[in-house]
Amino acid sequence: MTKKPVLMLTHVTAADAGEIAVILARWGHPVETRRLNKDAVLPKNIKDYAGIVSFGGPVSANDEHLDFIRAELEWMPRVMAEGTPLLGVCLGAQILARSLGAGVGPHAEGLYEFGYYPVAPVGDEGELKMDAPLQVCHRHGEGFELPAGARLLAVRKSFPHQAFRYGSASFALQFHPEVNDAVHSAWFNRQPPPEDLARYGAQSVAEQTRLHADHQKAVHAWLQNFLAYWLAQGG
């Protein structure tokens, strides 16, 4: 039996899907990528997909002057109403939170997290498939409030809301579990280096490289378990 495709919505490049696309393709799901920052159109037939993932980017979920941000804010409630598994990662999570009426904004002290930092699960382990704190990749200066009716699944002191579930099949992750060697190399093997390395709170390239090597395997093991559970919520 042919499996339904999983849709990757990216806001920078097609490669942003990283390890999430690798895992889903290995499981036999066709992976379809639409670059929203390059005028890709959001699909009308949501039920055609086994799941939909919205990834990160340098813009803000508050940037409604950008057509692709405004369109995604208006479209996500349709996905949730259809019951198709929806996953927001970093910017995608913030767009999901905003589409549910929650605020998105910068840290009060201007903190910018770029590197590997721990998140801790809360509540029922079965919902996030995380049974202990996990050192994961972050790259963000904004965070989201918890939407009304959502269940908080993971926390971190600096940006308290790290993951939530809304309804049966919609999940948000403030962090970046999709970062694999290819994504990591794309971020750092470029000239000039990423400007946000100079932001308050960002780790150095050397520290991020070491932590990526140390924690990538554990993050991707967790990610496989989580993605299998997430896809199963579509019924």
Side-chain angles (χ1 to χ4, degrees), residues 4-11 16-18 20-21 23-24 27 29 31-34 36 42-57 60-62 68-104 119 121-130 136 140 142-156 159-178 222-235:
K4 286 184 177 181
V6 180
L7 177 62
M8 311 279 109
L9 302 175
T10 69
H11 305 97
D16 296 343
I20 289 178
I23 291 169
L24 293 169
W27 291 345
H29 288 280
V31 174
E32 177 185 329
T33 302
R34 299 196 185 196
L36 300 184
L42 292 164
K44 295 180 180 179
N45 299 321
I46 294 165
K47 286 290 190 183
D48 289 348
Y49 299 96
I52 297 168
V53 188
S54 176
F55 288 90
S60 171
N62 297 313
F68 67 93
I69 295 294
R70 187 171 61 252
E72 200 171 354
L73 284 166
E74 294 171 352
W75 179 77
M76 278 193 175
R78 286 189 50 213
V79 180
M80 289 184 275
E82 292 279 2
T84 297
L86 174 62
L87 174 60
V89 175
C90 197
L91 172 62
Q94 295 165 2
I95 294 172
L96 176 54
R98 276 213 67 211
S99 76
L100 292 167
V104 170
V119 300
V122 297
D124 181 3
E125 173 194 334
E127 294 195 275
L128 193 60
K129 298 299 176 185
M130 188 184 294
V136 292
H140 64 98
E142 294 189 319
F144 51 76
E145 296 176 347
L146 188 66
R151 295 188 293 286
L152 184 63
L153 301 181
V155 296
R156 174 167 169 70
F159 288 88
H161 304 136
Q162 287 292 323
F164 69 78
R165 180 178 189 168
Y166 185 83
S168 62
S170 297
F171 290 79
L173 306 175
Q174 180 58 71
F175 49 93
H176 285 276
E178 80 283 6
W222 165 77
L223 180 60
Q224 288 193 80
N225 290 334
F226 171 71
L227 288 175
Y229 176 75
W230 168 70
L231 280 178
Q233 304 315 297

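Remember, predicted model here, so these are calculated numbers, not experimental data. The figures here come from the full heavy-atom set of this structure, side chains too, leaving out hydrogens, waters and symmetry mates.
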Does any part of the side chain of [Y], heavy atoms only, come nearer than 4.5 Å to the side chain of [X], both counted from C-beta?
| X | Y | value |
| --- | --- | --- |
| R165 | S170 | no |
| I95 | I69 | yes |
| F164 | R151 | no |
| V53 | L9 | no |
| L87 | I52 | no |
| E142 | S60 | yes |
| Y49 | P43 | yes |
| L36 | T10 | no |

About how many Å separate [atom2] of [Y] and [atom1] of [X], when rounded to the nearest 0.5 Å?
| X | Y | atom1 | atom2 | result |
| --- | --- | --- | --- | --- |
| H11 | C90 | NE2 | SG | 10.5 Å |
| M80 | S99 | CE | OG | 3.5 Å |
| R78 | L86 | CZ | CG | 12.5 Å |
| W27 | Q224 | CH2 | CD | 6.0 Å |
| L223 | I23 | CG | CD1 | 4.0 Å |
| L7 | L24 | CG | CG | 11.5 Å |

F226/W230 aromatic ring centres below 6.0 Å:
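Judged by ring-centre distance (under 6.0 Å), F226 and W230 do not meet the cut-off.
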Does F159 have its ring centroid less than 6.0 Å away from the ring centroid of H140?
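Judged by ring-centre distance (under 6.0 Å), F159 and H140 do meet the cut-off.
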Main-chain N/O of [Y] paired with [X] side-chain donor or acceptor, under 3.5 Å:
| X | Y | value |
| --- | --- | --- |
| R98 | A61 | yes |
| H161 | F144 | yes |
| K4 | K47 | yes |
| E145 | V104 | no |
| W222 | L128 | yes |

Determine the interplanar angle of the F171 and Y229 rings, folded into 0 to 90°, and report it as parallel if under 30°, tilted if 30 to 60°, perpendicular if over 60°.
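It falls in the perpendicular class, over 60°.
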What heavy-atom pair brings [X] and [Y] nearest, and what distance separates the two atoms?
| X | Y | result |
| --- | --- | --- |
| A97 | P147 | CA-CG, 4.0 Å |
| G56 | D16 | O-OD2, 4.4 Å |
| L231 | P85 | O-CG, 3.8 Å |
| V155 | Q162 | C-CG, 3.6 Å |
| A172 | L96 | CB-CD2, 4.0 Å |
| M76 | S54 | CE-CB, 3.8 Å |

Looking only at side chains, do H176 and E178 share a donor and an acceptor under 3.5 Å apart?
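There is such a pair (donor and acceptor under 3.5 Å, judged by atom type) between the side chains of H176 and E178.
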Mind running salt bridge (charged side-chain N to carboxylate O under 4.0 Å, His left out) on E32 and R34 for me, showing each step along the way?
CA-CA 7 Å; E32 177 185 329; R34 299 196 185 196; 2.7 Å; yes
